[in-house]
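The basis for the numbers below is simple: all heavy atoms, side chains too, and nothing from hydrogens, waters or symmetry mates. The structure displayed is predicted, hence computed values, not measured ones. Counting starts at 1 for both ligands and their atoms, in listed order.
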Amino acid sequence: MSELQSPLHQAVLGVFAPEGPLAKLDSHFSPREGQTAMAMAVADTLQTGGALVVEAGTGVGKTFAYLVPALLSGERVVISTATKTLQDQLFSRDLPALIQALRLPTKMALLKGRANYLCLYRLGLAKEEGLFPDRFVVHLLSKVEKWAKLTDKGDLSELPGLDERSALIPMITSTKENCLGSECPQFKSCHVALARREAMAADVVVINHHLFFADLSMKESGMAELLPNTKVVIFDEAHQLNETGVNFLGEQLSSSQLIDLARDLLALGAASAKGMGPWQALAARLELMSKTLRGLFAKSDRSQKLSWIGLAPQGLDEQLWRDTMAEMAKLLEDLLVAVEVVVQSAPDWERYFERVQDMQTRIALFESALEPGCVRFADVAGSVRLIQAPLDIAKTLGPKIHPQAHPSSVPQASNAHDTVSLGHEGQHGTTRESVETAANLAAQSSPKAWIFTSATLGADSTLSWFTQPCGLTHARVLQVKSPFNYARQAVLLVPKNMVLPSDPKHSEQVSELAAKVISILGGKTLILTTTLRALKDIALRLKDLLKDRPEIEVLAQGEGSKVELMQRFRGPSTHEEGGFVLVASASFWEGFDVPGDALQAVIIDKLPFPPPNDPMVEARSKRLESEGKSAFNSYFLAEAGVSLKQGAGRLIRRESDKGVLVVCDTRLSTTGYGKRLMAALPPMARVSDEEALLEGLRRLTKSATSAEA
Ligand code: SF4
């Protein structure tokens, strides 16, 4: 029987048929060639196993394209997303609707990281210790106590008005380091344990990329039990997988970890070991050490990550650095000696002892030579964070997905799960070696099918931007084009007479052109910048240029969270006929979703090349050059191509949307590489100059007004 005639393929085709269950679920549903093609490719992979990478353009309907075959396969499925928004949307909206439409008995569960769940033991400790920074936290705690008696899940998102940056959260949630696991007096009612038990009993579990990597790096447990029993793993928003993985697989040593050690030492000493050690003196030394570390970087540029190629981070005296690290090591040694006396007295002290040992391991790591394939740098934007991270996740993820392509990864040991249990992982290193071991051991029971999908995964036909750093070069690749008619729905302008982005007048010229577009549209414009400096400059200029148009509200990134700004932009303006303008950078290039008339223009200030002085960018470039490749062609252009596609993708979100894209960087039309970037953009109609664009916009607004009349 060929795959196309298999019962799974037939069933998938039936669901996407014009009279099928999806049509009954949604009266606007109509079969889309791309969606069905993607669903069939997913069905193929579910049957044959292996990895499938699907770039599905906006409007394809990729969520149902992977959910339908996955649910119909009857296999156990784990779906991982990059953002909580999509995680919640899948769990609360898409999955229940589809399960009901398909009449399946599927049980689903949502599993978040432990920081999202109330820790009953630590809530008790917080009440006992009574060490609160202010009265607001005391008030909040009494709210949490009331809610704690009512909640089944203990998910903090159920608590309205709890700011995720609240000082209370670390006091009422657990970490892998301080969780007591099965030795906890609250273990039977533990919300983290319950969530994991529910996940184990479910057919479909929705997680996020952080949780997946937290487990892979053996910094957390829970998933370790889940993955070996799962046959299908789906990563949505897969474009964020590499950067999330790099962050998680890295090691950190920070000034705030020293402060946490000091605070917990005082609390533990007061609670269970009064007079049994010099807790006050040691806590004071830890705090002083944290201050010393921060003091070393007092003169450093806080807006930049500091590269660390030699023995010390950039700009620091090597001898002074060595002395500071030695002082920190000595302090931790003294701390261990003091804690050893009480370590047997309570599980909390055991965890504390392990934390100090873990920190010693990290000091040794930062004092040793840098491992190949890694980068080391210091981030001094807030507290001082020393970071060592892999350049990509290929070596960790690749063997897990394709064990046969990595013969050295065939595991020798059989106790893959011995080291993991809830919270009490025991003493294990968090070095690269243990990460590799985790990947190798997990590979022996790897799931059959791995699906990776996103709207943007590369600018070339092999999607190498995504597959190479993720170790997925053996995966099957599919690109499904957006069903939108870009030539009719969108117009692109690259202004001919604008100065180059390096010219000091560039932001001024971008603002002037933007103000003309915005004036015609009455707002409805998103301006994406590549730097915070340009963001501030353009936002200020626009507020001035549009001061006589009170119905147009100019917003800037930072004036609310991304979700709040997006909701304001979508929602009605306080002025009749009013509209919004948002000037934003970084994370707004993706995930900013405003369908309909509220957004009709996207203006990009310049080609989004990665910053060359970022230590990660520098290290990746050097590695490519050492392999004889051009960093510009293989890395900078690929990154810019993907970001440009993501930024342009904000414009057209559904079939009835119309709008203009303006890229204020003449290099896009005058250079060879610019033309390559242009080819990766959706096939929009082009206009040759500013006047033609503005005239088109006037016509667009006039026809919309007469249609309304
Ligand atoms: S087992 Fe861990 S997470 Fe659960 S209540 Fe105890 S300390 Fe908190």
Going by the atom numbers of ligand 1, which of them fall below 4.0 Å from some non-hydrogen atom of [X]?
X	result
C184	1 (S), 5 (S), 6 (Fe), 7 (S)
S174	3 (S)
L180	2 (Fe), 7 (S)
G181	1 (S)

Within C179, is some N, O or S atom less than 2.8 Å away from atom 4 (Fe) of ligand 1?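 No, since none of the N, O or S atoms of C179 sits under 2.8 Å from atom 4 (Fe) of ligand 1.
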Presence of salt bridge, D88 and R93, under 4.0 angstrom: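 Salt bridge flag = no for D88 with R93.
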When W450 is tested against each of V233, L52, I234 for side-chain contact (heavy atoms from CB on, under 4.5 Å), which residue passes?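 With W450 as partner, V233, L52, I234 yield a single side-chain contact (heavy atoms from CB on, under 4.5 Å), made by V233.
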So T81 and T83, side chain to side chain donor-acceptor pair (under 3.5 Å) or not? Walk me through it. CA-CA 6 Å; T81 69; T83 58; 5.1 Å; no
Using a 6.0 Å distance limit plus a 45 degree cone around the ring axis, check whether K562 lies over the aromatic ring of F588.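 Flagged: K562 positioned over aromatic ring of F588.
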Within less than 4.0 angstrom of ligand 1, does A193 place any heavy atom?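 False for this residue.
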Less than 6.0 Å separating the ring centroids of Y121 and F187?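 When the ring centroids of Y121 and F187 are compared, they turn out to be at least 6.0 Å apart.
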Please find out if less than 6.0 Å separates the ring center of H239 from that of F466.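 No, ring centres 6.0 Å or more apart.
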Could you tell me whether any N, O or S atom belonging to C119 is less than 2.8 Å from atom 8 (Fe) of ligand 1?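 Looking at C119, which is the residue asked about, there is an N, O or S atom under 2.8 Å from atom 8 (Fe) of ligand 1.
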